[in-house]
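A short worksheet on the structure shown next.
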Amino acid sequence: FNQGYLFGFFITVGIALALALIYYFVCGNRLFKWSKVYVWIIVLALAGGMGYGVTYSYAKKSLITGVEKRYTKEKGRIEGEAEYVSQMHKELDKWKKEWTREAKSNPKVIYFSLISVFYAMLFFFIFSLLFKKHTVYAKVIPF
């Protein structure tokens, strides 16, 4: 999960960059009616929402994949009589279900995703300041 933080951060910055490029170089140069502050705020919120969704999905999948790997590793280690192996496989199945359920509602995943909302909006704002002078209609957006 720790390696997912950096990946999630770069994905969030990429989303903010892509949306800023689309807003300023497509809407800001071609569509005067979309070069308004309220449209910019909608795109800012969209950047935050997309940052949340992508990082939440990735972090949750990362945790569940970790559970799957550990389950497979532990299942391969069990040796002994057939009855013992069967009982241990049942215990591992219970463990896997419990940990998968916990991984889906892990507060770290939600916290990480909320941090990504902040970064997506921050970087969209920064990219807005960098790109606004290169447009025809959106030179004064956000201010």
Side-chain angles (χ1 to χ4, degrees), residues 1-80 84-143:
F1 184 69
N2 290 335
Q3 64 189 344
Y5 287 117
L6 187 60
F7 181 75
F9 175 77
F10 285 131
I11 291 294
T12 301
V13 172
I15 289 169
L17 177 63
L19 288 175
L21 287 171
I22 290 169
Y23 180 77
Y24 282 96
F25 292 108
V26 175
C27 299
N29 283 331
R30 292 184 174 81
L31 304 166
F32 176 73
K33 64 182 180 179
W34 283 19
S35 296
K36 308 284 186 218
V37 174
Y38 73 89
V39 176
W40 182 85
I41 291 171
I42 291 170
V43 178
L44 177 70
L46 182 65
M50 289 176 70
Y52 179 86
V54 169
T55 54
Y56 179 81
S57 299
Y58 176 75
K60 185 173 74 169
K61 183 179 178 186
S62 176
L63 283 175
I64 291 172
T65 302
V67 169
E68 293 283 338
K69 285 180 181 177
R70 186 165 177 195
Y71 170 77
T72 304
K73 185 178 177 181
E74 293 296 325
K75 199 168 186 177
R77 288 184 178 177
I78 299 173
E79 297 178 359
Y84 172 76
V85 170
S86 175
Q87 180 183 0
M88 291 306 293
H89 282 199
K90 287 179 186 176
E91 289 294 322
L92 273 175
D93 288 339
K94 287 180 188 176
W95 174 83
K96 179 184 168 189
K97 286 179 186 176
E98 179 183 328
W99 275 85
T100 301
R101 187 179 70 247
E102 288 181 17
K104 289 180 180 178
S105 62
N106 190 329
K108 287 183 181 179
V109 172
I110 296 167
Y111 176 73
F112 175 55
S113 301
L114 290 174
I115 295 294
S116 293
V117 169
F118 170 75
Y119 280 126
M121 294 172 97
L122 175 69
F123 277 98
F124 181 77
F125 181 77
I126 291 169
F127 291 137
S128 293
L129 296 176
L130 294 173
F131 297 151
K132 75 180 194 172
K133 59 186 166 202
H134 301 290
T135 65
V136 176
Y137 301 120
K139 287 188 182 291
V140 294
I141 307 296
F143 45 78

Practice item. Would you give the length of the straight line joining atom CG of L129 to atom CZ of F124, rounded to the nearest 0.5 angstrom? Key: 10.5 Å
Review point. If every non-hydrogen atom of F112 is compared with every non-hydrogen atom of G8, which pair is closest and at what distance?
Key: CZ-CA, 3.9 Å
Practice item. Please check if the distance between the ring centroids of F9 and F123 is under 6.0 Å. Key: yes
Review point. Are side-chain heavy atoms of Y56 and V117 found at a separation under 4.5 Å?
Key: no
Practice item. Step through the shown structure and confirm whether more than 12 heavy atoms of other residues, nucleotides or ligands are within 6.0 Å of CZ on F25. Key: yes
Study note, to complete from the structure: Rounding to 0.5 Å, atoms CD1 (I11) and CE (M50) come to a distance of 10.5 Å
Review point. Under 6.0 Å between ring centres, would you say that holds for W40 and Y24?
Key: no
Exercise for review: Determine, step by step, whether L17 and F131 satisfy the side chain to side chain contact (heavy atoms under 4.5 Å, CB included) criterion, reporting the C-alpha distance in whole Å, the side-chain angles of both residues, the deciding distance to 0.1 Å, and the verdict.
Suggested key: CA-CA 10 Å; L17 177 63; F131 297 151; 3.7 Å; yes
Revision key, fill the gap. Minimal heavy-atom distance between K133 and K139, with the atoms involved, is O-NZ, 2.9 Å
Point to revise | Residue pairs, two or more places apart or on separate chains, that pass side chain to side chain donor-acceptor pair (under 3.5 Å) and touch residues 114-127 | key: T55-S116
Review point. Are any non-hydrogen side-chain atoms of Y23 and V39 less than 4.5 angstrom apart?
Key: yes
Revision key, fill the gap. Shortest non-hydrogen pair, F127 vs V13, comes out as CE1-O, 3.9 Å
**Study point:** Under the side-chain contact (heavy atoms from CB on, under 4.5 Å) test, residues paired with Y38 that sit two or more places apart
**Key:** K36, I42
Study note, to complete from the structure: In terms of heavy-atom contacts, A120 and G51 come closest through CB-CA, 4.5 Å
Check your understanding: Is T135 reaching over with its side chain to a backbone N or O of K132, donor-acceptor style, under 3.5 angstrom?
Key -> yes
Review point. Quick one: CG on L44 to CG on L122, what's the gap to the nearest 0.5 Å?
Key: 10.0 Å
Study note, to complete from the structure: Separation between CE (M121) and CD1 (I15), nearest 0.5 Å, reads 13.0 Å
